[in-house]
Each structure stands twice: as structure tokens, then as C-alpha cells.
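See below for the structure under consideration.
When a ligand or atom number is given, it counts from 1 through the structure's own listing order.
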Amino acid sequence: MDDTGPATPAEAEVVDPGAPVGRRIVLGMLGLGVGGVLVGARLSDALSRLLAPITAADRTGLSDLLPAGGGFRIYTVTGSLPSADEASYRLTVGGLVDRPASLSVADLRAMPATSLTKDFQCVTGWRVHQVPWVGVRLADVLDRAGVQAGGARGTRATAVRFTSFDGSYTESLTMEQARRPDVMVAYSMQGGPISRAHGGPVRLYVAPMYGYKSCKWLSGIEVTDRVQEGYWERRGYDVDAWIGTSNGRDDEPV
Ligand SMILES: Nc1nc2c(c(=O)[nH]1)N[C@H]1C(S)=C(S)[C@@H](COP(=O)(O)O)O[C@H]1N2
Ligand SMILES: [Mo]
């Protein structure tokens with residue numbers, strides 16, 4: 001860990017888990033106003049009920065900004081939800097590879113698909129049970145681009161870095177972690193395309209690790225010679241985010 005962040009960061013400091021950004025945006029648009037912080041499940045639930053009839057009647061697209069329900073909280077460190085239409089979306093794969101690539105959603109869908117159903121867990125404590133995901137194994141994407149054998153001038157392809165088209169979020173994995181069969185470049189979740197709020201059209205899904213590893217609005221995969229701390233890791237989260245054993249959670253009931 002470096003010394004630029006607090007020892008115990010809180011996602012809530014940027015996007016309060018009790019006040020997903022979508023609701024804040026909608027509340028702002030409704031002119032209801034939101035004081036600095038909304039804390040606690042009870043208030044959040046009350047807001048959900050308040051907003052339910054409005055969103056049900058919504059024909060303006062505002063509902064796109066709302067959490068999809070089912071327990072997920074929508075996080076974005078930028079304060080907005082970026083969007084990319086599926087037709088023009090491209091995922092670039094570069095760095096220490098032999099064949100840099102620019103992949104469309106159709107390119108990804110044409111590759112062998114992998115699917116996985118698992119609980120989704122945020123390190124702040126919320127969990128969504130048995131979420132189905134479909135995508136392409138990250139290992140297959142890396143193989144397609146041809147990770148360099150390396151060694152030249154001391155550069156070795158030992159890690160993978162991820163960037164988001166939100167312009168801010170980054171993540172990384174060791175090459176060994178990246179090649180696990182339960183790490184995927186996902187284009188579907190919960191039985192449909194990945195929504196804008198959930199980081200569509202394509203996001204990373206790192207099943208064995210806490211949610212912050214699963215970079216939303218994925219736009220770049222770069223093979224690198226070392227693990228670089230991601231957005232939350234610079235603010236104190238563990239680089240190895242194994243569910244149940246990282247971020248000081250190993251001494252707490254999971
Ligand atoms: N680009 C981007 N990816 C992100 C985040 C974010 O703020 N921006 N938040 C992370 C965190 S902390 C979690 S728990 C999950 C939440 O996913 P969701 O917003 O689909 O519920 O996304 C992760 N990926
Ligand atoms: Mo999270």
C-alpha cells in the first residue's frame with residue numbers, strides 16, 4: 001500500500017452506498033434536493049418507495065439512471081454515468097502484446113462464451129445473491145492479442161491493467177489472476193445486456209474478488225510489467241481483493 005490514501009477508505013465518501021448516484025441525479029432533477037449525505041438503508045429504502053411511482057411512469061429515460069433493483073447499488077466515482085452505444089463501442093487490448101486489438105461487442109460475442117453465476121459482493125458489505133454473468137474469459141482475450149513472452153530489456157508481461165471510458169477508474173490484476181477461468185470480460189448480466197448503470201456495454205467481472213475489481217465501462221486492457229494500483233487501491237484498498245480474506249475481513253464473519 002502507498003501513503004497517498006487513508007488506511008480505511010470508504011466508497012461512501014465518494015458515492016454513498018445509501019445514496020446511489022442515480023437517485024441523487026433524479027432527486028436533483030425533481031427539485032427535491034439532497035443534502036450532502038444520505039446515510040442508512042432505511043432512508044435509502046424510503047427514497048426508493050418515494051421514487052417508485054415516478055420511475056414507473058417515466059418515459060424520459062431517467063429510469064436508465066436508476067439502480068436496476070435486486071440489491072445492487074450503482075457506483076460511479078465520477079459522479080455521472082458514462083454511456084457508449086453498442087455499435088461504436090470498442091475495447092482496446094494493448095501493451096506487451098504481439099497483436100494489439102480493438103474489439104467490438106460483436107467481436108466479443110463471436111468468441112467462445114463463458115458463463116458464471118455467483119454472489120456479487122462489495123467490500124462495504126452489500127451482497128447480491130446468485131448473479132448470472134456471460135462474457136468471454138479474459139484469458140481468451142489475452143491469448144487473442146498474444147501476450148509477449150517478454151524478457152527483452154527486462155520487461156516481462158506479469159500484470160494486466162484495466163481502464164474505463166469514465167476517464168477515471170482503473171484496476172489491475174496479476175497475470176496469474178487474470179488468467180483464472182472465473183475472470184471475464186462480461187457483456188451480459190442478469191439475463192440481458194449490461195445496462196449503462198451497471199457499466200455496459202462491457203465490464204470486467206472478477207468473480208473471486210470484491211466488486212471494486214470489476215471495472216465498469218471497460219475500455220482498455222493493457223498488459224504491463226507490474227501491477228499498478230487501481231482507483232480504490234490508491235485510496236487504501238487491498239490490491240489482492242479476495243472475497244473473505246482481504247481488506248482486513250479475514251477476522252470478521254463473512
Ligand atoms: N468504472 C467504475 N467501475 C466500478 C466502480 C466505479 O465507481 N467506476 N465501482 C466499483 C465498485 S466499488 C463496485 S462494488 C462495483 C459496483 O457495481 P454496480 O455499480 O454495477 O453495482 O463496481 C466497481 N466498478
Ligand atoms: Mo464496492
(message) Is a donor from one side chain sitting under 3.5 angstrom from an acceptor on the other, for Y212 and D238?
(response) no
(request) Just say parallel, tilted or perpendicular for the rings of Y205 and W133, cut-offs at 30° and 60°. (result) parallel
(request) Please indicate whether any nitrogen or oxygen in S214 is less than 3.5 Å from any nitrogen or oxygen in ligand 1. (result) yes
(request) Could you check if a side-chain atom of Y237 sits within less than 4.5 angstrom of a side-chain atom of V123, using non-hydrogen atoms only? (result) yes
(message) Any carboxylate oxygen within less than 4.0 angstrom of a Lys/Arg side-chain nitrogen, looking at R234 and E229?
(response) no
(message) Geometry only, no angles: is Y212 polar-contacting ligand 1 at N/O separations under 3.5 Å?
(response) no
(request) Can you sort out which atoms of ligand 1 are near C122, meaning under 4.0 Å from one of its heavy atoms? (result) 14 (S)
(request) May I ask you to check whether over 12 heavy atoms, not counting those of E176, lie within 6.0 Å of atom CD? (result) no
(message) At less than 4.0 angstrom from any non-hydrogen atom of F72, what atoms of ligand 1 do you find?
(response) 21 (O)
(request) Record the part of S168 in heavy-atom contact with ligand 1 below 4.0 Å; permitted values are side chain, backbone, both and neither. (result) neither
(message) Working to the nearest 0.5 angstrom, can you tell me the gap between R179 CZ and D140 CG?
(response) 9.0 Å
(request) Any atoms of ligand 1 less than 4.0 Å from a non-hydrogen atom of S164? List them with their elements. (result) 1 (N)
(message) Residue-level breakdown please: for W217 versus ligand 1, do any non-hydrogen atoms fall below 4.0 Å on the side chain, on the backbone, on both, or on neither?
(response) side chain
(message) Suppose I only count heavy atoms of D166 and a 4.0 Å limit; which atoms of ligand 1 are within that range?
(response) 1 (N), 2 (C), 8 (N)
(request) Verify, without hydrogens or angle tests, whether Y210 (side chain) and G244 (backbone) share a donor-acceptor contact under 3.5 angstrom. (result) yes
(request) Measure Y75 to ligand 1 on non-hydrogen atoms and call it side chain, backbone, both or neither using the 4.0 Å cut-off. (result) both
(message) When you measure from the heavy atoms of G199 to every atom of ligand 1, does any distance fall below 4.0 Å?
(response) no
(request) Report, in ascending order of atom number, the atoms of ligand 1 lying under 4.0 Å from any heavy atom of V77. (result) 7 (O)
(message) Between D119 and R127 (salt bridge meaning N to carboxylate O under 4.0 Å), is one present in this structure?
(response) yes
(message) Which of the numbered atoms in ligand 1 are under 4.0 angstrom from any heavy atom belonging to I74?
(response) 19 (O)
(message) If the contact criterion is a heavy-atom separation under 4.0 Å, does W126 count as touching ligand 1?
(response) yes
(request) Please say which of T78, D166, T163 ends up in a side-chain contact (heavy atoms from CB on, under 4.5 Å) with W217. (result) D166
(request) Report yes or no: does a heavy atom of K213 sit under 4.0 Å from some atom of ligand 1? (result) no
(request) Ignoring hydrogens and angles, tell me if any N or O in the side chain of S172 forms a donor-acceptor pair with the backbone of Q228 under 3.5 Å. (result) yes
(message) For atom 6 (C) of ligand 1, which of the options Y210, Y237, Y169, Y205 provides the nearest non-hydrogen atom?
(response) Y169
